[in-house]
Amino acid sequence: MTMTKDKEKIELTRERDYLLRTAEYSAARMLQLDTSSIAIRHELEQKRRGFRLMAELAVNMGRDSDYFKTFVSVTRRINAALNMQRTALLAPESDGAYKAVVLQGYPPDEEELIRERRITVDPELLDPAKPVLVTGFDLPERLAGFRSALELPFFISSPVMLHDEVAGILVSGRKAELPPFLTRLGQSDLETVQTVSAYLAAMLVGQRLVEVEERNKIMLDATPLCCAFWDENFHLLDCNQGAVRLFSLADAQEYLSRFFELSPPSQPDGRASTEAVYASLKEAFVLGSARFEWLHQNLAGELIPAEVTMVRVRRGAGHIVVVYTRDLRREKAMLEAMRRKEDELRLARDLAEQSARAKSDFLANMSHEIRTPMNAVLGMTHLLADSSLTDKQRGYVEQARHSASLLLHIINDILDFSKIEAGKMDMEAVGFALRKLVANAHNGVKTQAAGKNLKLCVEIGPDVPDQLVGDPLRLEQVLLNIAGNAVKFTREGSVSLRVSVAERADSGPVTLLFEISDTGIGMTPEQVSGLFQPFSQADTSTTRKFGGTGLGLAISRSLVAMMGGKIWCASQPGQGSKFSFLAVFGLPEQVERAAPEPTDPDGPAAVQGPESAADLQGLRVLLAEDNEINQMIAVELLESRGVLVDAVNNGLEALAALEKNKYDAVLMDIQMPEMDGLTATARIRENPAFRDLPVIAMTAHAMTGDREVSLEGGMNDHLTKPIEPDLLYAALVRWGR
């Protein structure tokens, strides 16, 4: 009995233990199922909230043009939808660091502190394919710097990509995890944040596209050209504001709807405007471009000349033609104004040239008319001086000769100045001896200086080359002008000329410095400042006291400039003056031709006469001269040297005389009645018998180019009136024998 009870007791104990174990297992299982159910419900709720967030974002995407405001809204929605406590949007800086541009869920003081931080981002956070999840399961040191910078221990981050570049980083998380009431961040949260970052990227792309479109529209509308677009079916698609402005339209739609009213029915070449538009568009679609002029008109009927450029461009799978229209009204008006201005300038030029020719002709005539009587005056005084005279009579003659020479010098100055003003003064490039030229200039003022007991000094540096290339006549003229003035304005003392090398290249031109100093009356700075101006003198009393035209220094300045140099003066009242000028000359190896003989009749040159009077004895000369007095003077001068002279009055008589008699030379005036000297010379050269007969011009034509005209006309030499006897004799010695 007792054993039976013990067995029952054991069985009951076993049954109780089994039931207890089963109850415990069932309770644990039920608790496990309830926990899983809660987690599943939480996961489903998170996904539901994520989907709802995506739907809201998709609906509102692009509605707000204020993208910063949209960023704030997105971060706020993330916090609410995913039970996040804090969300941040980071933007890259130029140095590689990041800065928080949007913060959501932070206290104001903490938010201000974080905004000032420059946050270093680990490369792990920049991989768009692997968003980062940090929960309580992770070690504290994982991304510790980033977590500390954002004051966010647990977070999800995903980069916002724009054209394969990181435009920002979306970070959303919690300050603390409180399971089971707030489950840890999971995969669904990760996917939601990644999707939101993709949304932000799409929004940024859209923003960029909008900005590009806006910029393009602004640029297109701001261009001054009218711009329009045509498709391959010849439909006008769109235009810019330039089209509206060009045709004074209300808006772009009016341009599109009334385009064919903006051209006259036909173009200037006769083509119908509508047909020509389609033909040009077809050409642009086929060839890629077209350019032509077009006549438009606005709705008021005002014609608008334009230049049209058509360019084919790709659009999607096809092409469109962009048409640029440039208004040519202003350009045409400017061209017309330029044409009128050119016509006015051409007329002014023709008038100026006509005036210059008239001036040149006047100067030539004046030169001829003045030199003809001057020839008589100088010739007669020369003949009279060679006759038997009393001392008193000889004094009168010498005074007359001196006055005539001064008058001739003034005439030459005026003519030289006129040549320079008219641009007809040419510089020679011939070889000459500098020291001989300086000696000639010295001799030119020696008599005048001796009359005032002035000492003349000449110093030429030892390194100054003697053989030079330039215009010796014009150089001597400058020296005589300045030295003559120095002697004129110096009562006592001396006048000195010094020549030195200012600059010399190894192989090239040499620049010489000429200095003429005197101990004369001197000048004030004000007088020096106007010294080289035409018709200028030191003061009004100078002309009355010393004489002169005031042209010599102005001519000298121009001549020095033509020689590649400059001229200046230093002076003080009562202490004399020092004139200096630079001139550039070539070296002997640059000589192309020797200096011609005789020297320029207008230039101050010392010319040697014949070696002896016997050189002209028996020479037979034909003289063609229409002026009776000049004819008589020439005959007297020639016969005084044993020359046999036959005189005629014009070219026709000269030709007749040549047919009857044989002559050694012909002295031919240029301007004569019946037949002038150039025509007569041409007729002489037509006869082979007279091909080598020397013909020498003896004329009052002394302008620049007159000598060349004589030589080109077949003459051998050119002498200008008033005739210098020594020049005449030298020419006959050279050509008559």
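What you see is a predicted model; the values in this text were computed from it and never measured.
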| task | Kindly check if the number of other-residue, nucleotide or ligand heavy atoms within 6.0 Å of CD (Glu503) is above 12? | result | no
| said: Is it true that, when you exclude Arg691 itself, more than 12 heavy atoms of the residues, nucleotides or ligands shown sit nearer than 6.0 Å to its CZ? | reply: no
| request: For the pair Thr490 (side chain) and Val487 (backbone), establish whether a donor and an acceptor sit closer than 3.5 Å, ignoring hydrogens and angles. | output: no
| task | Would you confirm whether Asp676, through its side chain, and Met672, through its main-chain N or O, come within 3.5 Å as a donor-acceptor pair? | result | no
| query | Near Arg683 CZ, under 6.0 Å, is it more than 12 heavy atoms from other residues, nucleotides or ligands? | reply | no
| note | Across all chains, not counting sequence neighbours, the side chain to side chain contact (heavy atoms under 4.5 Å, CB included) partners of Thr390 are Lys392, Gln393
| request: Taking only Lys NZ, Arg NE, NH1 and NH2, and the carboxylate oxygens of Asp or Glu, determine whether Lys436 and Asp466 approach each other closer than 4.0 Å. | output: no
| query | Any salt bridge between Asp646 and Arg620, counting N to O under 4.0 Å? | reply | yes
| query | Just by distance, do the side chain of Gln527 and the backbone of Thr524 share a donor-acceptor pair under 3.5 Å? | reply | yes
| task | For Glu459 and Arg498, indicate whether the former's side chain and the latter's backbone hold a donor-acceptor pair under 3.5 Å. | result | no
| task | State, yes or no, whether a side-chain contact exists between Leu732 and Asp664 at a heavy-atom distance under 4.5 Å. | result | no
| Looking at Asp717 and Arg734, does any basic side-chain N land under 4.0 Å from a carboxylate oxygen? | yes
| Looking at Leu623, Ile696, Leu658, which hits side chain to side chain contact (heavy atoms under 4.5 Å, CB included) with Val666? | Leu658
| Taking Glu724 for the side chain and Asp726 for the main chain, is one N or O donor matched with an acceptor at less than 3.5 Å? | no
| field | Parallel, tilted or perpendicular: rings of Phe432 and Phe585 (30°, 60°) | value | perpendicular
| field | Step-by-step side-chain contact (heavy atoms from CB on, under 4.5 Å) determination, Val510 to Leu587 | value | CA-CA 7 Å; Val510 59; Leu587 297 177; 4.0 Å; yes
| task | Under the side chain to side chain contact (heavy atoms under 4.5 Å, CB included) rule, collect the residues that match up with Glu653, sequence neighbours excluded. | result | Val648, Asn649, Asn650
| message | Can a donor-acceptor pair be found, under 3.5 Å and without considering hydrogens, that links the side chain of Tyr729 to the backbone of Leu638? | response | no
| request: Check the surroundings of atom CG in Leu652: do more than 12 heavy atoms from other residues, nucleotides or ligands lie under 6.0 Å from it? | output: yes
| query | Taking 4.0 angstrom as the limit, do Arg346 and Asp343 come out as a salt bridge? | reply | yes
| task | Verify, without hydrogens or angle tests, whether Thr519 (side chain) and Ser494 (backbone) share a donor-acceptor contact under 3.5 angstrom. | result | yes
| task | Find out whether Gln354 and Asp350 are in side-chain contact, i.e. whether some heavy atom of one side chain is under 4.5 Å from a heavy atom of the other. | result | no
| field | Basic-acidic side-chain contact under 4.0 Å: Glu492, Lys452 | value | no
| With no hydrogens and no angle check, is any side-chain donor or acceptor of Asp518 less than 3.5 Å from a backbone partner on Gly576? | no
